[in-house]
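For the single chain, residues carry numbers from 1 onward in sequence order.
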Amino acid sequence: MRSRATAAYPDRMRATFDLRDRVALVTGGSSGIGAAICRELASHGAHIAVNYRAGGDNARALAAELTRDGRQAECYGADVSKPDEVAAMFAAVHDRWGRLDIVVNNAGIEEDRELAWDDDLDLDTWRRIIEVNLFGSFVCSREALRRMVPAGRGVIIYNTSVHESIPWAGHSAYNASKAGTSMLMKTLAQEAAPHGVRLASVAPGAIKTPINDDVWNDPEGRKDLQSKIPALRVGEPEEVARTVAFLASDAASYLTGATIVVDGGMMLYPAFQHGG
Ligand code: BGC
């Protein structure tokens, strides 16, 4: 016979990961890790607001896929770096559901591959990366906090990167945007903690998404990438999404201001893996 404790445990676990009736907004939700996060949060019962900038068709198809069993999903087009568009999007989400429990700052771009002194380095691109990845995360966080602080509850999650810590030549804007987002998260976590709002980051390593398909589709690129990953494989978007669901859930109720790295060991100094 199963003991009472053994039988009760799964129920308690299910309850802490339950996101039923909660409303989650995922920026850049139409593809890659963002789409996986939408699916994962929906699988725990959350209603989903799928934000997109360019991927309207994908976002609509995803929302249609997620709308079932009493769960709803809607699409919201907005460029996260444009404060007016972001304000309108948050207002529309609030009008639709009357609450906002989870915001995932996932939208991001990675376009630079030049050294700082290269003539090819385009300052507009540099600025745009900071505007989308860092300023965009701030603008969305501000709109989220304006609703979550008065409600006395909410979770804001940032999809950063191992490059919030690891320097990566040729990607100065991207790295700076991710390191900046890390400090943004910690500062806002300090501000919001007394109000019952938690903030946290997930920092992925190399994940199979369109952002880096040029590298992992190329045999040489993939070999070089794998030499940097002790687990010897590129991660799947779902492996990041499951961590986001944990952070968003009551299972992480005492966790704020922290970053969880999901990288197959990329941060473990793989160059030293075999001693020498
Ligand atoms: C980047 C990927 C890269 C990975 C590990 C991520 O933040 O988006 O392109 O492969 O970091 O370097």
Side-chain angles (χ1 to χ4, degrees), residues 14-30 34-53 55-56 58-107 136-159 185 188-189 191-200 241 244-256:
R14 259 199 300 280
T16 54
F17 286 98
D18 193 357
L19 299 178
R20 258 174 304 177
D21 298 328
R22 300 203 192 166
V23 174
L25 166 63
V26 181
T27 68
S30 62
I37 292 171
C38 289
R39 289 194 175 95
E40 183 67 28
L41 296 180
S43 78
H44 292 259
H47 302 304
I48 308 292
V50 185
N51 158 258
Y52 65 92
R53 188 183 56 83
N58 286 351
R60 279 182 284 277
L62 180 58
E65 173 196 321
L66 299 181
T67 301
R68 62 181 153 89
D69 304 331
R71 195 184 50 217
Q72 301 130 16
E74 307 278 357
C75 303
Y76 298 90
D79 178 336
V80 294
S81 70
K82 305 263 165 59
D84 291 352
E85 294 185 21
V86 170
M89 170 173 72
F90 274 77
V93 171
H94 212 262
D95 282 354
R96 168 70 176 83
W97 282 289
R99 60 186 289 165
L100 180 62
D101 303 278
I102 300 159
V103 169
V104 184
N105 284 296
N106 165 79
S137 293
F138 174 70
V139 172
C140 291
S141 303
R142 185 165 179 256
E143 290 295 337
L145 289 166
R146 283 178 164 165
R147 289 160 178 89
M148 292 176 176
V149 166
R153 61 175 163 73
V155 187
I156 305 176
I157 297 164
Y158 300 79
N159 181 11
M185 181 277 289
L188 299 184
E191 293 181 6
H195 304 281
V197 179
R198 298 189 295 107
L199 292 89
V244 171
F246 160 68
L247 291 170
S249 76
D250 293 347
S253 53
Y254 200 51
L255 188 160
T256 193

Would you check, one step at a time, whether the test side chain to side chain contact (heavy atoms under 4.5 Å, CB included) holds for Val244 with Asn159? CA-CA 9 Å; Val244 171; Asn159 181 11; over 6 Å; no
Apply side chain to side chain contact (heavy atoms under 4.5 Å, CB included) to residues Arg22 and Asp250 and explain how you reach the verdict. CA-CA 12 Å; Arg22 300 203 192 166; Asp250 293 347; 2.9 Å; yes
Check: [Y] main-chain N/O paired with [X] side-chain donor or acceptor under 3.5 Å:
X     : Y      : value
Thr27 : Ala107 : yes
Arg71 : His44  : no
Ser81 : Gly136 : no
Asn51 : Tyr76  : yes

Atom of [X], atom of [Y] and distance for their closest heavy-atom approach:
X      : Y      : result
Leu25  : Leu100 : CB-CD1, 4.1 Å
Val155 : Ala248 : CG2-O, 3.8 Å
Ala189 : Leu199 : CA-CD1, 3.6 Å
Gly29  : Cys38  : O-SG, 3.8 Å
Phe246 : Ala252 : O-CB, 3.4 Å
Ala73  : Thr67  : N-OG1, 3.3 Å

Which residues pass the side chain to side chain contact (heavy atoms under 4.5 Å, CB included) test with [X], sequence neighbours left out?
X      : answer
Phe138 : Arg142, Leu184
Ala35  : Arg39, Leu62
Asn58  : Ser30
Ala91  : Arg147

Glu74: which residues meet the salt bridge (Lys or Arg N to Asp or Glu O under 4.0 Å) condition with it, sequence neighbours left out? Arg96
Tell me, please, which residues at least two apart from Arg20 pass salt bridge (Lys or Arg N to Asp or Glu O under 4.0 Å). Asp18
More than 12 heavy atoms of other residues, nucleotides or ligands under 6.0 Å from CZ of Arg53: is that the case? no
Could you give me the CA-CA distance, side-chain angles and deciding distance for Val103 and Ser141, then say whether side chain to side chain contact (heavy atoms under 4.5 Å, CB included) is met? CA-CA 8 Å; Val103 169; Ser141 303; over 6 Å; no
Would you mind reporting whether Val139 and Val80 have side-chain heavy atoms less than 4.5 Å apart? no
Do Leu19 and Ser249 come close enough that some side-chain heavy atom pair is under 4.5 Å? yes
Should the ring pair Trp97 and His47 be called parallel, tilted or perpendicular, given that the plane angle runs from 0 to 90° and is split at 30 and 60? parallel
Nearest 0.5 angstrom please: [X] [atom1] to [Y] [atom2], how far?
X      : Y      : atom1 : atom2 : result
Leu145 : His195 : CG    : NE2   : 9.5 Å
Met89  : Tyr52  : CE    : OH    : 11.0 Å
Leu66  : Ser43  : CG    : OG    : 9.5 Å

Let me know which of Ile48, Asp101, Leu41 forms a side-chain contact (heavy atoms from CB on, under 4.5 Å) with Val23. Asp101
Please report the C-alpha distance between Asn106 and Ile37 in whole Å, then the side-chain angles of each, then the deciding distance to 0.1 Å, and finally whether the side chain to side chain contact (heavy atoms under 4.5 Å, CB included) criterion is met. CA-CA 9 Å; Asn106 165 79; Ile37 292 171; 4.2 Å; yes
